[in-house]
Amino acid sequence: MSVKKLLDLTGKIALVTGGSRGLGLQIAEALGEMGAKLALTARKTEELEQAREHLARQRIEALALACDLSKPEAIEPMVTKVLAHYAKVDILVNNAGATWGAPAEEHPLEAWQKLINLNLTGTFLVTQAVGKRSMIPNRHGRIINVASIAGLRGNPVGMLKTLAYNTTKGGLVNFTRALAAEWGEHGITVNAIAPGFFPSKMTRASLDKLGEKIIAHTPLHRLGDGEDLKGVAVLLASDASRHITGQIIAVDGGASVA
């Protein structure tokens with residue numbers, strides 16, 4: 001089989017959570033360019049519609065579904081709508097997430113629970129529903145979790161303090177490994193991308209304060225940009241990665257090894 005055929009996603013259905021902007025939209029663009037039809041979820045209807053129109057201009061089909069993944073009761077109806085529209089989900093990108101900055105001794109319990117509910121519990125429930133209702137019966141699936149290099153280590157001294165965020169992303173790393181071992185028998189691969197710093201709404205405050213320091217301590221001396229997740233996302237969504245599972249791929253300019 002040619003490499004182009006291995007990477008081709010024609011006929012595949014991809015569900016991207018947090019897909020209305022930022023890294024989620026970047027990944028959606030890549031999967032759509034390679035032929036996948038998309039379902040996007042996010043909390044804000046207006047941003048979802050803007051994303052859908054943006055993709056339509058690139059001739060990429062996308063179903064937009066407003067859904068707050070921090071609310072467990074909203075998840076099953078969302079998956080039901082995706083399956084009613086497309087009949088299956090081949091690729092699941094768990095990208096939805098939030099962050100919070102505060103010293104550990106002052107971290108609000110409400111903020112801790114918010115991040116646990118969205119970053120971990122929401123991811124678990126979406127994955128469970130898609131796996132049970134589509135991927136396991138079809139004996140095929142590609143699950144891509146968007147973790148972070150913050151889940152691979154503690155924050156360097158002098159950086160913002162984000163204990164809850166780091167904890168949830170670390171949990172997502174081992175969620176990836178444990179689920180890969182469990183669902184491999186069903187023909188499902190489970191991998192994670194661990195981005196470093198990319199300009200986005202979530203990272204704006206950190207980059208405004210520490211951007212120059214972050215770049216200086218990154219071996220490639222740059223931040224991620226609008227193209228840097230596309231290749232690895234297509235790889236992990238496609239048949240080119242059919243023998244790769246349980247892996248965490250850092251896309252961070254080398255920051256996690258410096």
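Residues R222 and I215 form no side-chain contact, since every pair of their non-hydrogen atoms from C-beta on lies 4.5 Å or further apart. In this structure the side chain of H140 never reaches within 4.5 angstrom of the side chain of R242, judged on heavy atoms. Residues T127 and F175 have side chains in contact (heavy-atom distance under 4.5 Å, counting atoms from C-beta outward). Side-chain contact between L172 and V146: absent, with no pair of heavy atoms (C-beta onward) separated by less than 4.5 Å. Here the side chains of Y165 and N119 are in contact, with some heavy-atom distance below 4.5 Å. Taking 4.5 Å as the limit, some side-chain heavy atom of L15 sits within range of a side-chain heavy atom of V130. Taking the side chain as every heavy atom from C-beta outward, L92 and I144 never approach each other to under 4.5 Å. Within the 4.5 Å cutoff, no side-chain heavy atoms of L236 are placed close to those of T189.
Between W112 and H107, the two ring planes are perpendicular [angle over 60°; tilted spans 30° to 60°].
A 6.0 Å sphere centred on CD of E110 holds no more than 12 heavy atoms belonging to other residues, nucleotides or ligands. Within a 6.0 Å sphere centred on CD of E105, other residues, nucleotides and ligands contribute more than 12 heavy atoms. Within a 6.0 Å sphere centred on NZ of K81, other residues, nucleotides and ligands contribute 12 heavy atoms or fewer.
By the salt bridge (Lys or Arg N to Asp or Glu O under 4.0 Å) test, R153 pairs with no residue at all, sequence neighbours left out. For D68, there are no salt bridge (Lys or Arg N to Asp or Glu O under 4.0 Å) partners, not counting sequence neighbours. Contacts of K230 classified as salt bridge (Lys or Arg N to Asp or Glu O under 4.0 Å), with partners at least two apart in sequence or in another chain: E29, E227.
Evaluation of the side-chain hydrogen bond (donor to acceptor under 3.5 Å, both in side chains) test over residues 30-43, restricted to residues two or more places apart or in two chains, returns none.
With hydrogens and angles left out, the side-chain atoms of N166 and T162 include a donor and acceptor closer than 3.5 Å. No side-chain donor from either of N117 and S70 sits under 3.5 Å from a side-chain acceptor of the other. If you check the side chains of N191 and T176, you find no donor sitting under 3.5 Å from an acceptor.
Nearest approach of L23 to P195, heavy atoms of both residues: CD1-CG, 3.9 Å. Between L7 and A240 the shortest heavy-atom distance is CD2-CB, 3.7 Å. D228 approaches Q26 most closely through the heavy-atom pair N-OE1, 3.1 Å.
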Which donor-acceptor pairs under 3.5 Å do side chains of residues 57-65 form with protein atoms, sequence neighbours excluded?
residue	atom	partner	partner atom	Å
Q58	NE2	H54	NE2	3.0
E61	OE2	Y86	OH	3.3

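I248 belongs to a hydrophobic cluster with I149, L152, V173, counting contacts under 4.5 Å between side-chain heavy atoms of Ile, Leu, Val, Met, Phe, Trp and Tyr, direct or through other members.
Here E76 does not pair with K132 in a salt bridge; the nearest charged N to carboxylate O distance is not below 4.0 Å. At a threshold of 4.0 Å, the pair R142-D239 counts as salt-bridged, since one of the basic side-chain nitrogens sits closer than that to a carboxylate oxygen.
Distance alone, capped at 3.5 Å, is enough to place a donor-acceptor pair between the D252 side chain and the G254 backbone.
In the hydrophobic cluster analysis, where Ile, Leu, Val, Met, Phe, Trp and Tyr join through side-chain heavy atoms closer than 4.5 angstrom, L40 is grouped apart from I75.
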